[in-house]
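All residue numbers refer to positions in the sequence shown, counting from 1.
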Amino acid sequence: KLAPKTATVVRSGKETLVPIEQVRTGDIFVVRPGETIPVDGVVEEGSSAVNEAALTGESLPREVKQGDEIISGCINMSGLLKIQTTREFGESTVSKILDLVENASSRKSRSEDFISKFARVYTPAVCISALALAVLPPVFRMLVMGAAPMWSQWIYRALTFLVISCPCALVISIPLSFFAGIGGASREGVLVKGSNYLETLSQTKCVVFDKTGTLTQGVFEVNGIHHSNIHEDQLVEYAALAESASSHPISKSLQRAYGKELDRSRVTNVQEISGNGVIATVDGMEIAAGNDKLMDRLGVPYIPCHSVGTIIHMAVGGKYAGHIVISDVVKPHAREAVQALRAAGVHRTVMLTGDAKPVADQVAQSLGIDQVYAELLPAGKVEKVEELLLDNSERGKLAFVGDGINDAPVLSRADIGIAMGAMGSDAAIEAADVVLMDDDPAKIAKAIRISRKCLRIV
């Protein structure tokens, strides 16, 4: 579903709809607002905001213009774009995600490979031995010794041999113990996909988190209003009205912060400047809401903000009126979840994200995460997890916690993949070994404690 089946390619001055496999390097294709970028390329004409959340986990849309690189799987949100293909579909980012998931799954577990190889030899060997025990001694007695073959006795012995060659205590009691552990975890809202994953979970010493949707809610909210020379509610009202015509996530968050029905008849002369912000007339007064570029464009001196997030500078009637800070919100129990993991014996916590480094650093610091790696694409996340797996190999297992389709390859590659069940994408839930039904990261420590109790019983 991530990649479209066709692309609108410009050939001989005409727009032609062609199957995605027929798009070649150097072709110019057109992407309209609301459509998905079919293949990787460079913007030849136009500017727009593109939603990269499915690929990078970055919840804020990125502004692109002529000359910018753009990756497949992103959604074009506002303007019409003409893009020159740099990679054919087979080499594009979306195709690579599928390959990463498949390859990661194939390298999953040495123990699984060993058990499969062992079973391939052991099971036929036991069956052949039992058959030989049932047939050869009676035939030997009859042909060589000239005695009665005693078929029933030797068939009984062969059946006895089959029973004792099956390790009953392991085959019956251990799975029952694991099923009890899986049942106990499911009552707590943690779904474990198999007993082998419960065993791996008990050995976890390093937990790697995705940021957006895992430790944070993935929803932008107004987190602060600074240097306002008018009442804060009035400033938010002006910002929400000015942005009322936009479907941008920042506009939506301002409208949520206002929390009342918007009277759009109060707004006229709306001018949206791509990559800058919005200028509109509200109640006959000019309101400007945007970034520092918009303030420079209008010649309004502004006060820089040291908070991490998206800064909306406001100018009312041509004068600076303060700024609004909008940022992703950390989940209520995220900090306690990290502390609970340490108490459960996890030695190292790491955060991987497609977000900008200042945002990632601030979240990691507020939650007490040991290490953070920012501005990563899905392939970059897999590489980091590969490095961490090598580094962690002597000290226990590595768990990765994520929620988006961009996390699916990493969930497959980690020793144990944990997905958010309520908000997580189908791809993440499919690739994961453990699913948290209510998206509460505090459940991870609880799941580890349940798995260790289960292993003690086993």
Taking only residues two or more places apart in sequence or in another chain, which ones pass side chain to side chain contact (heavy atoms under 4.5 Å, CB included) with Q66? none
Pairing residues for E237 by the side chain to side chain contact (heavy atoms under 4.5 Å, CB included) criterion, not counting sequence neighbours: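 So E237 forms a side chain to side chain contact (heavy atoms under 4.5 Å, CB included) with Q234, L241, Y258, R266.
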Per the side-chain contact (heavy atoms from CB on, under 4.5 Å) rule, which among V350, T349, V207, V346 passes with D370?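 One option only clears the test, and that one is T349.
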Where do V401 and L215 land on the side chain to side chain contact (heavy atoms under 4.5 Å, CB included) test, with the steps shown first? CA-CA 9 Å; V401 191; L215 294 171; over 6 Å; no
Run the salt bridge (Lys or Arg N to Asp or Glu O under 4.0 Å) test against [X] and tell me which residues pass, sequence neighbours left out.
{"X": "R449", "value": "none"}
{"X": "D233", "value": "none"}
{"X": "K357", "value": "D361"}
{"X": "R62", "value": "E52"}

Output every pair passing ring-ring contact (aromatic ring centres under 6.0 Å, His included) with a member in residues 273-301, not counting sequence neighbours, ordered by first then second residue.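 Checked against ring-ring contact (aromatic ring centres under 6.0 Å, His included) - neighbours excluded - no pair reaches residues 273-301.
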Filter on ring-ring contact (aromatic ring centres under 6.0 Å, His included), then keep only pairs touching residues 278-306, sequence neighbours left out; what's left?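 Qualifying pairs: Y302-H313.
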With a cut-off of 3.5 Å and sequence neighbours excluded, list every side-chain donor-acceptor pair involving residues 18-31.
unit_1	atom_1	unit_2	atom_2	d
R24	NH1	E21	O	2.8
D27	OD2	R11	NH2	2.8
D27	OD2	R24	N	3.0

Please answer whether the main-chain N or O of G79 pairs with a side-chain N or O of S48 as donor and acceptor at a distance below 3.5 Å. yes
Could you check whether any side-chain heavy atom of K293 comes within less than 4.5 Å of a side-chain heavy atom of I273, counting everything from C-beta outward? no
With Y373 via ring pair (Phe, Tyr, Trp, His ring centres under 6.0 Å) - residues at least two apart: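 Partners of Y373 by the ring pair (Phe, Tyr, Trp, His ring centres under 6.0 Å) criterion come out as none, since no residue qualifies.
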For atom CD of E375, decide whether the heavy atoms of other residues, nucleotides or ligands shown that lie under 6.0 angstrom number more than 12. yes
Using distance only, find each side-chain donor-acceptor pair of residues 330-337 under 3.5 Å and give its atom names and separation, not counting sequence neighbours.
unit_1	atom_1	unit_2	atom_2	d
K331	NZ	G213	O	3.0
K331	NZ	T214	O	3.3
K331	NZ	D439	O	3.0
R335	NH1	S366	O	2.6

Considering only residues two or more places apart or on different chains, which pairs with a residue in residues 187-207 satisfy salt bridge (Lys or Arg N to Asp or Glu O under 4.0 Å)? E188-K446
